Structures are given as structure tokens and as C-alpha cells.
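Here is the naming used below: chain letters follow the sequence lines, and residue numbers restart at 1 for every chain. When reading the values below, keep in mind they use all heavy atoms of this one structure, side chains included, and skip hydrogens, waters and symmetry mates. All figures in this text were calculated on a predicted structure; none of them were measured in a lab.
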2 protein chains.
Amino acid sequence: MDDIDRALVLRLQQDAGQSYAALGTAVGLSAGATHERVRKLRERGVIRRTTIDVDPAAVGSGVLAYVMVDSNAWMGESADDFAAIPEIQEAHIIAGSASVLVKVRTASTEQLQDVLRRLYAIDGVSGTHATVVLDSFFERPLPL
Amino acid sequence: MDDIDRALVLRLQQDAGQSYAALGTAVGLSAGATHERVRKLRERGVIRRTTIDVDPAAVGSGVLAYVMVDSNAWMGESADDFAAIPEIQEAHIIAGSASVLVKVRTASTEQLQDVLRRLYAIDGVSGTHATVVLDSFFERPLPL
DNA sequence: CCATCGAACCGAACAGAATTCGGCAAATCT
DNA sequence: AGATTTGCCGAATTCTGTTCGGTTCGATGG
């Protein structure tokens, strides 16, 4: 993981569709060497996969909310219960008064309410506190 | 935006590196037609870009935290101030007692503290409340 | 100190994919 | 109904991914 690797990751985050030749020129390598570097970055798990960045509003997920989930039991084994709710994009165990923090995207506030209902149905969940996002400043890739 | 488009977006989220031929076979189209569909999805902004999914821990961002930012002024024009802090991955205006919610990734809790310091330096910021993530259940693509 | 080994690179060759295009059929508009 | 647009197929063309032999360079150890 040297400077060249970091430069490659950075550039691939910005555009994973460019050719290895272009990528190589940008970092000062041949296409072949670039290909080999990227292959190893995948192998090591630094690069998990190549994907697309989708506009949430365009696919019916215009409402974004974060929900603090309170519980009266250990939630460490409940990952599957949260994963079973497709509108949940992220779920994390947190330190603090609440136990779990989830990121939810829905088409409407009515659907958000329905997600809250399904959250309450999870074993151990004793309460929720939803924070609706009014406007997103930005969502961007990791720093390097 | 019909069922085929949705299927394409779904599959591209899972693997943006596959060939148009494979993608086409999966949805019942030729490579050429698939290419054209995807081109239009980009054109319409449904697909914003193709990128890579990077392991945060592998690039020195093993600590994840969400920070509620309180303010004593309208924060609607402060996007650039937040964007100037590279460790901030997301920033949103929210409804509720706090004004802004930011997602922060750092290499250590010391660096997290430093980010909080820089947040306080932003004009109008009157307080912060950080929630450290102990363990992430999952972070996944949008539902369709 | 020098021989050996391995890692990383280059440049070229080959295989495979992206991209373009003519022709056709179905849907849409007039 | 006629005209127009849209979306598709399949093949041709061009560009890219991927592989490979040969070379350099630094580390290893005899």
C-alpha cells in the first residue's frame, strides 16, 4: 500500500470505468503493471468490488432518515433481523444511550413510518428515534 | 425506468465489471441493446458514476462515528465548510434538535477528536454530540 | 563481495469486450 | 392510415483487458 496504490484507489473511486492505460499514465505505470497492481488490491480486499453510484431519488428512495434504535437486550446477534428490512441501507452497533443506528431510505414518509413499525417488531427493540434528513450537503468517497 | 432498467441497475450495483454480453443475457437482451440502456441510465443521471467499494480499515479509516452538530444559526449555506474537512464522508441538514448530521471516518479516536475540534471552528456551530460505531452490521446498496 | 532470488515493471501479442451501425418490428403520434 | 420514433438484433470495427517473456533492481545469504 504505497503512494501509487493510493493514487489508483483514489482514481478508481472517481471513475472505475477508465482504461488501465489511462490509469497507468496518470500514476506513471504501464497498462500491464497497473492491471497487476489493481488485481492485488482486489486480492487483498482493499478493493471489495466495482459498483455504480445510483441517484436514490431516481429509484424511488427520495426520503432519507437516520433512526436511533433503543433496546432492552443485547442486539449483537440481530444483524439478520435488520438486514431483512430492505429499506435499511446501513445498521451499526453504537456506543451511547441507543444501541443501534440505522440509515433508512424510502419513497415517502408513510413508508418510513412502516419501517419504524417493522423495527419495533424486532426482538429486543424497545424504542426508536427517527431523524429525517431535509437536505444532503454531500455524500462522497473515503478520504485517502 | 421499467423492470429491465431496474434489473440492470441492481446487477450493476452488485458487479459493475461484468460484460454487457453477460448483463444482457441476465435480463434477456443483446449486448448492443444492453449497452444502449445503460448509456441512457447514465445520461438521465440514474447512474451517477461507476466506482469501487473500498475497505475503510485498509486505507486508514477504521473508526466510524456519527456526529450531531448543534448550531445557533442557519447552516444551509455551510456545505463548503463541512466539505473542507476530508474525514467527513456525509453531511446532511436534519429536522430535529440538532441542525446537521455528519458521518466521519478516521484512523483513530484521537483523529476523531481533532475532527470535532475542526467542526467547532465552523461558523455557527455551537455544539457536537458524537456517536461512535462499535461494530457495523452491514452497509449495502440501495433497495430496488 | 558476489551470486541468487523474487518482486515489479515494460512492451508486445492475443483474446475478448465495448461501441457503432444498418435493418427491422412494434409502439406512438398526427 | 401514414409517418415517426423507439428499441432491438446481429455483425463489423476498434479499443481494452489480460497474459507473457525479458529486464532491472533490491534484498538475501553464502
Ignoring backbone atoms, establish whether B/K40 has a side-chain N or O less than 4.0 Å from OP1 or OP2 of D/dG7.
yes
Output yes when a side-chain donor or acceptor of A/S61 lies under 3.5 Å from a complementary backbone atom of A/A57, and no otherwise.
no
When rounded to the nearest 0.5 angstrom, what is the spacing between CG in A/D5 and CZ in A/R37?
4.5 Å
In whole angstrom, what separates B/E43's CD from D/dG7's P?
11 Å
Does B/A33 offer a backbone N or O that forms a donor-acceptor pair with the side chain of B/Y20 under 3.5 Å?
no
CG of B/L8 versus C1' of D/dG7: gap in Å, rounded?
13 Å
Check whether B/T51 reaches the backbone of A/Q13 with its side chain - one donor and one acceptor, N or O, closer than 3.5 Å.
yes
The correct set of residues in residues 17-37 of chain A placing a heavy atom under 4.0 Å from DNA chain C is A/G28, A/L29, A/S30, A/A33, A/R37
What's the CG-P distance between B/D2 and C/dA26, to the nearest Å?
18 Å
Taking the six-membered ring for Trp and the single ring otherwise, decide whether the centroids of B/H92 and A/Y66 are under 6.0 Å apart.
yes
Would A/E36 and A/R39 pass as an ion pair if we require N to O under 4.0 Å?
yes
